[in-house]
Structure formats: C-alpha cells, structure tokens
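Since the model is a prediction, treat every value here as computed from it, not as a measurement. In what follows, every chain begins at residue 1, and chains take the letters A, B, ... in the order their sequences are listed.
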2 protein chains.
Amino acid sequence: MQLTLLTLAEPNRFNIVELLRNGPKSVGEIVQALGISQPHVSRHLRILSEAGMVRSRSKAQLRIYSLEAGPFQELDEWFDSFSILWEERLDNFEEYMLDYKKKEDL
Amino acid sequence: MQLTLLTLAEPNRFNIVELLRNGPKSVGEIVQALGISQPHVSRHLRILSEAGMVRSRSKAQLRIYSLEAGPFQELDEWFDSFSILWEERLDNFEEYMLDYKKKEDL
DNA sequence: GACATGTATATACACCTTGATATATATTAA
DNA sequence: TTAATATATATCAAGGTGTATATACATGTC
C-alpha cells in the first residue's frame, strides 16, 4: 500500500494511470499523450510494473500496458475505512478533551 | 488530490495519519508513538496541515492534531472510480486488440 | 541479412526532501 | 520575572528521484 502511494505520487505516473483507465495503451501512445520522452515513459512504466499496478503484453514490437486491479482495490478499501471521518457525528476534538479530563482526574 | 498523494507517500506522515485515525493526538503523543524526533514530527504535521489533511487546536501549551475529512473523501471517491477494474468482465487487452485491428483495416 | 520501428536500459547530473542539530516561540506556573 | 514544558522554525549535509542523452535490444519488413 505504501509502495502504491509512493508510485502514484509522481505526477507522470499518475497521468499514466489516468490514461490507462480508458483502456490499454502502447508505450508510443503514452509518449504521445503525455508529451514526455520515451525513455521516461518506459522508466515510469517499469516502476509502475514493479509496484504491480500495470502489466504489459507484447504485440509484435509493441508493448501494450494495462492496469492491474490489486493495488487499486487495496487502496480503495483503505480509503473506505476513513469514511467514519465524514460520517461521524461526535466531534473528535471534544472526544479528546473528555479523555484528557479523565486522565487529569486520576 | 496529487498533493494528498504526495503527502501520504512519506512513511512517517502515513504513520501519523494512521495514528490520528484513532482520534486526535498532541504533538508529544505522536512523538512518543512514532519514536522520531519532535522537530520531525512538527515538520511533517506542518506538511500535512498545508495539504489540508489535519488541523490543530490549542489546549494550553498542547497542540491537538486531528484529521480533516476533505482530502480523504476526495481520494476515496477517486479510488472508487477504479472499481470497474475488478468488476469488469471483458478483458481490456482483448478490447485493445479489437480497436487495433479496426485501425489496421482503414 | 540489413534496415526501420518500437521499447528498454545505462549513465550522469541537478534538484528536492528527509533527517540531525540548534535555536526560537508560546503558554503556564511559581 | 524566571523557569519549565510544549511546539515550531532555521540551517545544512546526505540520500533518493526525476530528467536528458546515448545506446542496446527486439521484432518485423524488404
């Protein structure tokens, strides 16, 4: 999960992920879409690949990259677990103060 | 969203977020829990704060930090949108190949 | 086999962030 | 006011990461 976050934090890689969300793309197509050099794209694709976020398949000289569900699913679940933040009624600060008082009373 | 990812990608900040999920904490409590120096914690808290992911309130000399829902909610929604990845039936690669053939036929 | 296209890797370098240390600020209490 | 506690900021060295360029590799075509 930590690795997925680190990988996604880089803007070019984030853009590649956004691009691949529309379906698989060859390296050349990604280069065209992002306007950065081919070696950069290949490097970022390798990092994405090592993080298990994409896979590639060959079609002649083309390498077709597509997203892999796993890491995204994992992060999706992690962020789901934060939903208490915007669903919780009781203000967390008030809660802290209650605990704080308790400790003082001991 | 990009900023949130960048901020979370740093392990110490990730740990601070995980810690604050259990409720607000003072800087000193975070220092104890993570075992890193106080200046580091303050620095990371400032970065988290600038990313809008935490807020602080004062209680005497204490600064009580707590999570802010916004950025987490935003990322939660973003990752939700990837659910097609693990729900989709049709293999994306096959889809790409179909498009590829179409282009060749032109 | 020679060549063109598509992709991957290697190297060098600049930059940014983390981490360590010292110091400054704020709040409370005596 | 002085001291003590809690927190924030400044400075700087070290390490990691992205970028540019050149080059190597793979596949298909002539």
The complete set of ring-ring contact (aromatic ring centres under 6.0 Å, His included) pairs with one or both residues in residues 31-50 of chain B, sequence neighbours excluded, reads none

Against the side chain of R13(B), the closest entry in dT18(C), dT7(C), dT7(D) is dT18(C)

- Query: For E18(B), does the CD atom have more than 12 heavy-atom neighbours from other residues, nucleotides or ligands under 6.0 Å away?
  - Reply: yes

ask   = With no hydrogens and no angle check, do the side chains of Q38(A) and S42(A) hold a donor and an acceptor under 3.5 Å apart?
value = yes

| Does NZ or CZ of R55(B) come closer than 6.0 Å to the centre of the six-membered ring of Y65(B), within 45° of the ring's axis? | no

Closest to the side chain of H40(B), out of dA8(D), dA20(C), dT19(D), is dA20(C)

- request: Under 4.0 Å between any heavy atoms, over every strand shown, what does R46(A) touch: base, sugar-phosphate, or nothing? Just pick one.
  value: sugar-phosphate

If one requires at least 3 consecutive Watson-Crick or G-U pairs with distances under 3.5 Å, the stems of DNA chain D turn out to be C:1-30 with D:1-30

Please confirm whether the ring centroid of F14(B) lies under 6.0 Å from the ring centroid of W78(A).
yes

Checking dT28(C), dT18(C), dT9(D) against the side chain of H44(B) (C-beta onward), the nearest is dT18(C)

Is the CZ atom of R21(A) crowded by more than 12 outside heavy atoms at less than 6.0 Å? yes

Closest of dT18(C), dA8(D), dT7(C) to the V27(A) side chain is dT7(C)

Taking dT18(C), dA26(D), dT9(C) as options, the one with an atom nearest any side-chain atom of R63(A) is dA26(D)

Report task. Decide yes or no, distance alone: a donor-acceptor N/O pair under 3.5 angstrom between the base of dA8(D) and the side-chain of Q38(B). Result -> yes

